[in-house]
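What follows is one structure encoded as structure tokens, with my remarks underneath.
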Amino acid sequence: MNDNTQGVPASELSDEELETQGKSAHESRNWVFLHGSAEQFAHHTARMLELEREYLRRYPKRTWQGSGGAPTDLAQTAASWRETVRGVIAQLEALVELPDPQSDDAPGTADPTRAFLQRLADNGGRLNKLEAHQAAREVGLDPAVRADLYRADPQLVATDGTDRVLTDAGRARLADPEGAA
């Protein structure tokens, strides 16, 4: 690959390295999907596909494509692949349709802390940690600033199991037109 961030080309990896990196790519997929940026997701996808192509080249009989599960109905296989490609295209189009972070209408142009606290308030004062993480990213709240909301005295946001909860101090901050608690 031309991009040095892709790592060693899959074709140059030892068999052990190929298996290790392939396993790691699959294990980290969920995290990248939930928390990574569009750029990280694209990079991860490209690397995972590169590793899979190389694995298939080296070990065609270890996968459904090369043994046992090889398709017997080529029309059905083609239909399944078309549906898969359509899903990937739909996912990429959704990424392209995200608001331009530079536009005046995009989230994050106001006070990101206030916008994050408002997102919590708008959801009954509680969000799952993954939804809270995403909301913070969408409003442009820096991770260090977000962490300070939990460490503030008094706390503006608290944890409750897997949820993130707006505290009374957080509600007071939202109610204050000046934005200070």
Side-chain angles (χ1 to χ4, degrees), residues 1-103 106-108 112 116 119 127-150 157 159-164:
M1 307 233 100
N2 294 337
D3 182 357
N4 289 335
T5 64
Q6 290 284 47
V8 176
S11 61
E12 296 177 16
L13 295 172
S14 70
D15 290 350
E16 183 179 324
E17 291 168 328
L18 179 63
E19 288 197 33
T20 299
Q21 286 193 27
K23 182 177 179 187
S24 176
H26 282 271
E27 289 173 348
S28 63
R29 184 65 170 180
N30 189 53
W31 187 94
V32 174
F33 176 72
L34 293 173
H35 305 292
S37 66
E39 185 176 326
Q40 288 170 321
F41 184 74
H43 168 79
H44 187 276
T45 300
R47 180 61 172 179
M48 191 170 71
L49 291 173
E50 177 194 11
L51 293 167
E52 288 175 351
R53 279 190 304 269
E54 181 61 20
Y55 189 88
L56 246 173
R57 187 188 69 74
R58 291 186 198 181
Y59 307 109
K61 294 189 184 252
R62 289 187 185 177
T63 66
W64 64 266
Q65 294 96 326
S67 65
T72 55
D73 182 349
L74 294 181
Q76 179 58 42
T77 300
S80 295
W81 281 107
R82 272 194 294 281
E83 190 59 31
T84 300
V85 169
R86 285 185 188 113
V88 170
I89 290 169
Q91 188 172 13
L92 293 172
E93 286 175 344
L95 288 171
V96 170
E97 292 172 8
L98 293 175
D100 178 3
Q102 305 305 316
S103 77
F116 177 69
R119 287 276 189 99
L127 282 172
N128 174 276
K129 66 182 178 181
L130 298 176
E131 293 168 332
H133 179 83
Q134 182 62 24
R137 285 183 42 199
E138 288 174 356
V139 300
L141 184 61
D142 181 84
V145 174
R146 184 178 70 234
D148 288 342
L149 299 176
Y150 297 89
V157 179
T159 60
D160 181 15
T162 60
D163 287 347
R164 301 306 177 249

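Formation of a donor-acceptor pair under 3.5 Å by the Thr20 side chain with backbone atoms of Glu16 is found in this model.
Counting heavy atoms from C-beta on, the side chains of Pro9 and Glu50 come closer than 4.5 Å. Using a 4.5 Å cut-off on side-chain heavy atoms (C-beta onward), Asp163 and Lys129 make no contact. Here the side chains of Leu149 and Phe116 are in contact, with some heavy-atom distance below 4.5 Å. Using a 4.5 Å heavy-atom threshold, the side chains of Thr45 and Phe41 count as touching. The closest side-chain heavy-atom distance from Gln40 to His43 is not below 4.5 Å. Side-chain contact check for Leu51 versus Leu13: some heavy-atom pair is nearer than 4.5 Å. Under the 4.5 Å side-chain criterion, counting only non-hydrogen atoms from C-beta, Arg164 is not in contact with His133. Under the 4.5 Å side-chain criterion, counting only non-hydrogen atoms from C-beta, Arg57 is in contact with Glu54.
Scored by the side-chain contact (heavy atoms from CB on, under 4.5 Å) test, Gln76 finds Asp73, Ser80 as partners (sequence neighbours excluded). In this view, Gln134 and Glu138 satisfy the side chain to side chain donor-acceptor pair (under 3.5 Å) rule, not counting sequence neighbours.
Crowding of Phe33 atom CZ: a count of heavy atoms from other residues, nucleotides or ligands under 6.0 Å not exceeding 12.
Rounding to the nearest 0.5 Å gives a distance of 7.5 Å between CZ of Arg58 and OG of Ser11. Here the straight-line distance linking atom CG of Asn128 with atom OG1 of Thr162 works out to 5.0 Å at 0.5 Å rounding.
Checking His26 against Gln21 by side-chain atom types alone, no donor-acceptor pair falls below 3.5 Å.
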